[in-house]
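Below you'll find the structure, written out as structure tokens, and then a few comments.
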2 protein chains.
Amino acid sequence: MCRLAEMTFELDRFLPYRLSVAAGRVSRRFARLYETESGLTNPEWRVLAHLAQAGTVSVRDIHARVDMDKSKVSRAAARLEDAGLVRKQDHETDRRLVALSLTEEGAAMMARLGAIAGAFQTELLAELGPSAKAFEDALNRLSAAGNTGDDDHDDDDAA
Amino acid sequence: MCRLAEMTFELDRFLPYRLSVAAGRVSRRFARLYETESGLTNPEWRVLAHLAQAGTVSVRDIHARVDMDKSKVSRAAARLEDAGLVRKQDHETDRRLVALSLTEEGAAMMARLGAIAGAFQTELLAELGPSAKAFEDALNRLSAAGNTGDDDHDDDDAA
DNA sequence: TATTGATCATTGCAGATGCAACGAGTCGAT
DNA sequence: ATCGACTCGTTGCATCTGCAATGATCAATA
């Protein structure tokens, strides 16, 4: 049971490494698709996609939910606003918050990108084959386990 | 059959996103372990780990094998050399190449880090439970599929 | 041999990133 | 109403990263 004492460490079998390589490759593969289509960077894509899903939310929401640094979200949102894809308004009751939402143009963009993403998703599922279900389960476990230790006391709607 | 036409795109179910988040969390979790122990950055850890596995190799070998940009490998190797963990020698027959290898000190460091990594690996496997096997299979498929002939690669979230 | 084209490691540079402030705003207790 | 502790979004700054040269070296060919 104690395999820790092996003399030579094998990077190829180390899960964090393999996970990272796989994530990088898949991300780059997908990035080639939407970059040529939209000119968006990865943080911009993520913010846009989250807005399409969540409606009107704040920077903090995205930061907590999407695992991106606040400044990253803020800068991505600023660029998206310049591009006319996202609207920044004052929150109704709490003026510290920024209410981010998609513009018409942003929604149209996400319609196109959503189709591309959907097609890529089915492509990936086909590559995964029967492992797909267990794979998603594993991703859930790992993401959940990594959630401890940060400074967050989330209380908002968990989901 | 045709689920692509859904009106609202759901980021939560998009595999590249979930994969990236999981990889980032796991990497950061592991990074906390070896950073406090060794003071190494992630690229440095990867180079060191690969050297422990591969013996004496060139920058190009690591670049191709570990999915890191050449310059990233080069700079990491330079820092490791300054720290006395890695030795850079001329290649015997081809003087373009650099022969990277671990020093005594580097090997000792890897012995400690290898133990930490092994413990973390078993921790992850425990969290994964029965999905572990299918998960590794899925990682293999995804890494292989992303390997489309290109030369230069690098990834976002590191381990 | 001289020359051309390829490969290898390094470096310059522009842009991205993470982290720590900072100002603005909110809430509760006094 | 005021004070103090807290939260939110932005920005400064040091560092990191990716990409495109650059210089050095090799292999092949004339």
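A, B, ... follow the sequence lines: proteins, then strands. Residue 1 opens every chain.
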Report yes if the side chains of Arg25(B) and Val21(B) come closer than 4.5 Å at any heavy-atom pair, otherwise no. yes
Tell me whether the OP1 or OP2 atom of dT10(D) has a side-chain N or O from Lys88(A) closer than 4.0 Å. yes
What integer distance in Å separates Asn42(A):CG from dG18(C):P? 11 Å
Could you tell me the separation between the NE2 atom of His91(B) and the C1' atom of dA24(D), rounded to a whole number of Å? 16 Å
Can you tell me how the ring of Phe120(A) sits relative to the ring of Phe30(A), calling it parallel under 30°, perpendicular over 60° and tilted otherwise? parallel
Near Lys88(A) NZ, under 6.0 Å, is it more than 12 heavy atoms from other residues, nucleotides or ligands? yes
Distance in angstrom units between Ile62(A) CD1 and dC8(D) P, rounded: 13 Å
Considering only heavy side-chain atoms of Asp69(A), the closest of dG9(D), dT10(C), dG18(C) is dG18(C)
For a quick check, tell me whether the side chain of Arg96(A) and the base of dT7(D) share a donor-acceptor pair closer than 3.5 Å. yes
Compute whether any side-chain donor of one residue and acceptor of the other, for Asp12(A) and Tyr17(A), lie under 3.5 angstrom apart. no
Whole-Å distance between dT17(D) P and Asp67(B) CG? 14 Å
Compare the minimum distances between each of dT10(C), dG9(D), dC19(C) and the side chain of Leu97(A), then state the nucleotide with the smallest one. dG9(D)
N-O pairing of Arg87(B) and Glu104(B) below 4.0 Å: no
Whole Å only: how far is the CD atom of Glu81(B) from the P atom of dT10(C)? 9 Å
Distance, rounded to the nearest Å, where His63(B) contributes NE2 and dT17(D) contributes P: 16 Å
Minimum-distance nucleotide to Asp94(A) side chain [options: dT11(D), dG25(C), dA9(C)]: dG25(C)
Contact under 4.0 Å: Arg60(B) side-chain N or O vs dC8(C) OP1/OP2: yes
According to a strict under-4.0 Å criterion, is Ser74(B) in side-chain N/O contact with OP1 or OP2 of dT10(C)? yes
Hey, which sits more toward the 5' end of DNA chain C by its nearest nucleotide, Thr93(A) or Thr41(A)? Thr41(A)
Base, sugar-phosphate alone, or nothing: which one does Ser58(A) contact when heavy atoms must sit under 4.0 Å apart? sugar-phosphate
Would you classify Lys70(A) as touching base, sugar-phosphate or nothing, given that sugar-phosphate means primed atoms plus P, OP1 and OP2, and contacts are heavy atoms under 4.0 Å? base
Presence of donor-acceptor pair under 3.5 Å, side chain of Arg75(A) and base of dG18(C): yes
For Arg79(A) and dT10(D), give me the distance from atom CZ to atom P, rounded to whole Å. 12 Å
Nucleotide dA9(C), atom C1' - distance to CG of Asp90(B) in whole Å: 12 Å
